[in-house]
Colleague: 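So that we are looking at the same thing, I have put the structure below in structure tokens.
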Amino acid sequence: MRILLAEDDAAIADGICASLRQHNHAVDHATDGRLADAALRDHEYDLLVLDLGLPQLDGSEVLRRLRSRGAGLPVLVVTARDGLAERIRVLDLGADDYLVKPFALAEFEARVRALLRRSSTHGMPELKLGQLRLDLPGHRAWVGTTALELTAREFGLLEALARRADRVTSRAQLVEALCNWDEELTDNGLDIAIHRLRRKLEGSGTGVRTIRGLGYLLEESSGEATP
Ligand code: CA
């Protein structure tokens with residue numbers, strides 16, 4: 001999943017980034033409110049982790065703008081500001097959850113899991129396509145009862161395709177789903193990841209079809225190799 005962290009405190013941001021990346025998420029880090037606002041307009045995220053006390057543009061304003069554009073991604077607010085009135089204000093602005101600093105990383109991780117589970121699957125922790133089954137929060141996939149051995153990138157690729165099952169996913173959308181700002185995925189790198197994923201899906205009854213000029217489609221197949 002791709003996550004935006006808007007946090008100006010370097011120590012807190014480092015801890016959060018390390019934790020999210022350890023759980024195989026692609027994380028972008030915005031150090032002020034203006035950067036966060038711009039990133040939210042330019043990219044598609046699965047979750048925003050938002051500090052309220054941000055320079056340039058206050059976190060509340062970032063959130064207000066986000067919701068006024070109709071964006072529905074889940075938002076976890078992390079802030080030093082506490083108190084009932086503040087919590088109510090932030091939830092009313094459209095935050096989905098609220099964590100007061102300092103917090104235990106384990107609690108942060110649990111809340112991220114809960115928000116991602118709710119949003120990515122509408123409450124259902126699994127995606128299914130034919131014999132293929134994906135456990136999204138657990139980053140595991142099976143064909144029937146056989147577990148697939150996938151790298152984090154291959155799982156991300158499969159997830160991005162499976163979430164758009166029946167629709168073509170462009171190369172740009174795949175890169176967007178797989179990478180954060182600090183990473184680059186070359187054309188070659190994407191081709192290699194797709195090639196490896198296809199090999200691992202061989203015989204599963206599900207395949208990745210190339211739609212020339214448009215992108216890729218995950219579909220139930222007859223089991224033949226895809227060119
Ligand atoms: Ca701050």
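For ligands, and for the atoms within them, numbers begin at 1 and follow the listed sequence. When a residue number appears, it is its place in the shown sequence, counting from 1.
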Colleague: K101: which residues meet the salt bridge (charged side-chain N to carboxylate O under 4.0 Å, His left out) condition with it, sequence neighbours left out?
Modeller: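 For K101, the residues satisfying salt bridge (charged side-chain N to carboxylate O under 4.0 Å, His left out) (neighbours in sequence not counted) are E7, D51.
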
Colleague: Sequence neighbours left out, what passes side-chain hydrogen bond (donor to acceptor under 3.5 Å, both in side chains) with D58? Give chain and number order.
Modeller: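 Residues passing side-chain hydrogen bond (donor to acceptor under 3.5 Å, both in side chains) with D58: S60, R81.
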
Colleague: If you compare all heavy atoms of L47 against all heavy atoms of P74, which two are closest, and at what distance to 0.1 Å?
Modeller: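 Between these two residues, the closest heavy atoms are CD1-O, 3.4 Å.
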
Colleague: Could you report the tightest heavy-atom contact between A162 and L127, atom names first, then the distance?
Modeller: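 A162 and L127 have their closest heavy atoms at CB-CD1, 3.8 Å.
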
Colleague: Does the side chain of S170 pick up a donor-acceptor pair with the side chain of R164 at under 3.5 Å?
Modeller: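 The criterion, which ignores hydrogens and geometry beyond distance, is not satisfied for R164 and S170.
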
Colleague: Below 3.0 Å of the Ca ion (ligand 1), tally up the protein N/O/S atoms for me.
Modeller: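 Excluding waters, the total comes to 3.
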
Colleague: Can you list everything that forms a salt bridge (charged side-chain N to carboxylate O under 4.0 Å, His left out) with D9? Sequence neighbours excluded, please.
Modeller: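 With neighbours one apart ignored, the set is empty.
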
